Amino acid sequence: MTTSGWIQLLVFAALILVCTRPVGGYLFRVFETETPPLKSTLGAVERLLLRLVGVDPKKEQTWVQYAMALLAFSAFSMLVTYAMLRMQHGLPLNPQGFANVDPALAFNTAASFTTNTNWQSYSGEQVMSHLSQMAALAWHNFTSAAAGIGVALALSRGLARRPGPDGAKTLGNFWVDLIRAHVYVLIPASIITALIFVSQGVTQTFAGPQTVTTLEGLQQIIALGPVASQEAIKMLGTNGGGFFNANSAHPFENPTPFANLLQMFLIFIIPAGLTNTFGRMARDAREGWALFGAMSALFLIGALVCWGAEARPNAALAGLGVDQSMGNLEGKECRFGVAGSTLFATVTTDASCGAVNSMHDSFNPIGGLVPMLNIQLGELVFGGVGAGLYAMLIMAILTVFIAGLMVGRTPEYLGKKIEAREMKLAVLYTLIFPLIILAPAAWAAIDKGALASLNNGGPHGLSEILYAFTSAAGNNGSAFAGLNANTNFWNFSLGISMLAGRFFMLLPALALGGAMIGKKVVPQSLGTFPTTGALFSALLCAVILIVGALTFFPALALGPVVEALLAQSGKVF
Amino acid sequence: MIREHVLPAARATLCTLLITGVAYPLLCTGLALVLFPQRARGSFVTDDAGHTVGSELIAQPFASAAYVQPRPSAAGDKGWDANNSGGSNLGATSKKLRDRVQADVSRLKTENPDALAEIPAELVTTSGSGLDPHLSPAAVRWQIPRIARARQVAPDRIERLVADQIEGRDLGFLGEPRVNVLLLNLALDRLLGKPVAPPGK
């Protein structure tokens with residue numbers, strides 16, 4: 001573990017810490033006030049778009065209406081992506097003349113990008129035309145992120161709004177949140193960062209692959225494309241779908257260590273900022289910082305464990321006369337090294353991003369356990385854009401409930417009582433997740449056809465299966481990428497897992513917002529359990545770790561844990 | 001139901017698709033080609049004769065003893081396929097990985113009889129992309145005795161060239177120090193001339 005690696009970790013953490021407040025304030029102004037920034041220019045664009053969509057921005061929606069709007073939009077946009085992929089051959093901007101995408105792969109990919117997962121059963125440069133990449137896929141990188149922000153805002157409003165005299169029932173307007181997220185946040189930030197990426201060497205061209213004669217006289221075909229524009233929103237929207245198969249390990253996607261830092265920053269910045277936005281909505285910034293504190297602690301633990309594991313030699317190379325003083329380099333790029341690769345792996349799985357700058361499949365067993373466990377904890381360590389905040393808020397509700405049980409008092413969050421209905425929804429949210437990971441993983445582990453897709457034998461093969469469903473259900477999209485997922489079994493099972501992991505979890509979150517919105521605010525008293533301090537953050541961490549560990553430890557024990565023990569003894573499969 | 005949700009959904013789909021799926025990448029491409037044309041087009045490099053010999057950012061295979069050789073590659077069937085990026089995805093208990101490294105170790109030892117006993121790990125591990133254009137300074141230096149012998153020059157001439165080509169960490173703390181293999185090989189040719197192709201090649 002090198003000094004420069006420590007500095008990189010600290011600088012990265014400091015950047016997020018310093019930017020959380022201003023970004024949170026900006027988002028608050030955009031979504032929660034009538035005076036968004038640049039009201040004259042961007043405001044005009046917003047109004048024009050809302051008129052085109054044909055909705056009345058003043059009319060707020062109940063949680064059911066909000067959910068219906070989101071579901072209708074997701075269904076529509078998923079269908080359009082499916083159709084575009086199926087018709088790719090006849091559409092423009094297809095310099096390689098790629099064929100139409102097969103139905104199973106098109107379904108999987110459409111589900112994947114609609115749900116903000118960006119799981120990729122295909123190799124981008126071998127299957128997708130430029131138009132498919134930028135319009136059918138990168139388009140969803142904007143919309144699914146905007147929808148995620150919307151759900152987080154809706155739940156936050158449910159928790160934080162004080163009901164009026166006639167009792168509030170509404171959680172905001174989905175279309176307004178969607179359009180504002182695009183106009184004020186995602187599009188301007190993406191344009192700027194895309195250009196920074198180009199300056200570092202990320203390509204941005206509509207040219208097809210270029211053939212060169214190498215210095216030794218061989219022919220090399222080099223795939224190109226409009227990568228930078230996709231790269232920016234891929235990170236900022238915690239999407240993670242690479243233009244190329246190798247994702248952010250590819251030098252055209254992530255050419256320099258500076259670009260690498262920027263990518264990690266983009267993944268965390270909106271989710272981190274949203275904790276502060278939440279604090280402002282709750283009229284007490286400390287409410288946001290308590291969540292931020294718990295997230296930071298879990299982030300640092302994960303980053304250090306993963307880095308520590310990868311700084312060690314790869315057991316498969318032991319005794320072969322290889323100098324492994326720089327750590328396990330299989331699947332890692334020289335320019336990032338072990339520190340830059342493991343920090344990225346931690347960040348991308350804390351959030352629901354899923355971009356990778358190194359191959360998690362080739363990590364040492366414990367190094368690979370960290371990204372998998374990060375997703376299994378619920379991607380709430382900053383988490384997905386929007387999805388991270390609502391996941392964390394549900395764990396916060398669980399925590400105040402458990403704290404309430406301990407002192408024998410009705411639990412409250414932000415002054416509102418947590419009662420049976422809210423607990424049922426929170427528990428539903430918590431239980432759906434392991435169900436849609438472990439059940440299909442168990443099925444795949446005994447299915448001959450599914451097992452034929454594995455790249456590694458022994459316990460690492462089980463890890464590949466477990467990681468795939470974890471990533472799909474968690475809407476992460478990273479992979480133990482040796483698994484050949486482009487088969488009917490994997491395309492359909494993972495596609496369904498992704499849809500369930502998005503919508504079956506977002507509905508309880510919205511319903512919870514709906515259940516909380518009308519509740520009266522109880523005045524604080526001495527017996528109120530404070531949700532603003534370090535004690536609450538620590539308790540929140542404990543609840544997250546206990547729930548995650550109890551649920552997933554048995555499966556992890558059979559995968560990475562056993563593998564770590566076997567690797568120590570030099571066993572290979 | 002239809003008027004309240006489905007029509008707005010259809011219209012929002014169309015609006016966002018045109019703005020973020022079409023206009024946004026077009027705008028970015030236009031700006032990128034004006035501001036950073038060489039980068040946007042793929043960072044291609046030419047030799048002194050003006051022939052494009054590859055991209056600065058993409059590894060290419062080097063088999064000759066007179067060139068610095070890149071890391072092994074799992075991109076495509078034969079490696080270094082810049083149209084099919086990817087890693088080996090083999091884990092720490094993989095027999096395939098162990099066998100592959102063992103074969104590379106014995107090949108490298110035969111090709112580099114004068115080199116240090118321990119081989120730097122990058123030279124026997126594939127990168128994530130299979131297109132890693134860099135090596136650590138140590139992995140380049142490890143190859144200097146072989147290159148010097150093939151080019152029949154004193155090792156310290158190459159040593160000095162390598163020292164010039166080392167890129168430090170970005171901002172002093174980001175990433176790892178590295179040497180770009182293609183640029184170094186171009187510099188080697190510029191300094192010492194193109195190596196004569198071995199017979200039968």
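No experiment lies behind these values; they were computed from the predicted model shown. The sequence lines fix the lettering, A, B, ..., with proteins before strands; numbering per chain opens at 1.
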Can I222(A) and F44(B) be said to form a side-chain contact (heavy atoms from CB on, under 4.5 Å), step by step? CA-CA 10 Å; I222(A) 299 180; F44(B) 286 97; 3.8 Å; yes
What distance separates [X] [atom1] from [Y] [atom2], expressed to the nearest 0.5 Å?
X       : Y       : atom1 : atom2 : result
F573(A) : R98(B)  : CZ    : CZ    : 13.5 Å
F62(B)  : L218(A) : CZ    : CG    : 9.5 Å
E333(A) : E122(B) : CD    : CD    : 11.5 Å
T16(B)  : F142(A) : OG1   : CZ    : 10.5 Å
K96(B)  : N455(A) : NZ    : CG    : 5.0 Å
L18(B)  : W139(A) : CG    : CH2   : 9.5 Å

Please look at [X] and chain B and tell me whether the side chain, the backbone, both or neither of the residue comes under 4.5 angstrom of a heavy atom of that chain.
X       : answer
H250(A) : both
A138(A) : neither
F336(A) : backbone
Q220(A) : side chain
T256(A) : both
I7(A)   : both
E253(A) : neither
A194(A) : side chain
S190(A) : both
Q65(A)  : both
V198(A) : both
S199(A) : both

For side-chain contact (heavy atoms from CB on, under 4.5 Å), just list the numbers for S55(B) and F252(A), CA-CA rounded to whole Å, side-chain angles, deciding distance to a tenth of an Å, and then say yes or no. CA-CA 10 Å; S55(B) 166; F252(A) 279 160; 3.6 Å; yes
Nearest heavy atoms of [X] and [Y], plus distance in Å:
X       : Y       : result
L224(A) : G42(B)  : CD2-CA, 4.0 Å
D132(B) : R335(A) : OD1-NH1, 4.0 Å
L215(A) : K194(B) : O-NZ, 3.4 Å
Q8(A)   : G175(B) : OE1-N, 3.9 Å

Close approach to chain A in residues 162-170 of chain B, criterion heavy atom under 4.5 Å: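 Only R169(B), D170(B) of residues 162-170 of chain B have a heavy atom under 4.5 Å from chain A.
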Heavy-atom pair count under 4.5 Å with chain A, highest-scoring of G87(B), S94(B), G172(B):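 Option with the greatest count: S94(B).
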Give the C-alpha distance, both sets of side-chain angles, the deciding distance and a yes or no for side-chain contact (heavy atoms from CB on, under 4.5 Å) between V11(A) and L171(B). CA-CA 11 Å; V11(A) 167; L171(B) 309 177; over 6 Å; no
Does the pair R100(B)/E330(A) count as a salt bridge with the N-to-O cut at 4.0 Å?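 Looking at E330(A) together with R100(B), the answer is yes, because their closest N to O distance falls below 4.0 Å.
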Interface residue of largest heavy-atom contact number with chain B, from N141(A), V322(A), L49(A), T213(A), under 4.5 Å: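 Highest number of heavy-atom pairs under 4.5 Å: V322(A).
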Given the options P251(A), A223(A), A249(A), which has more heavy-atom pairs under 4.5 Å with chain B than any of the others?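 Top option by heavy-atom pairs under 4.5 Å: P251(A).
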Worked verdict on M359(A) versus S88(B) for side-chain contact (heavy atoms from CB on, under 4.5 Å): CA-CA 8 Å; M359(A) 295 301 130; S88(B) 74; over 6 Å; no
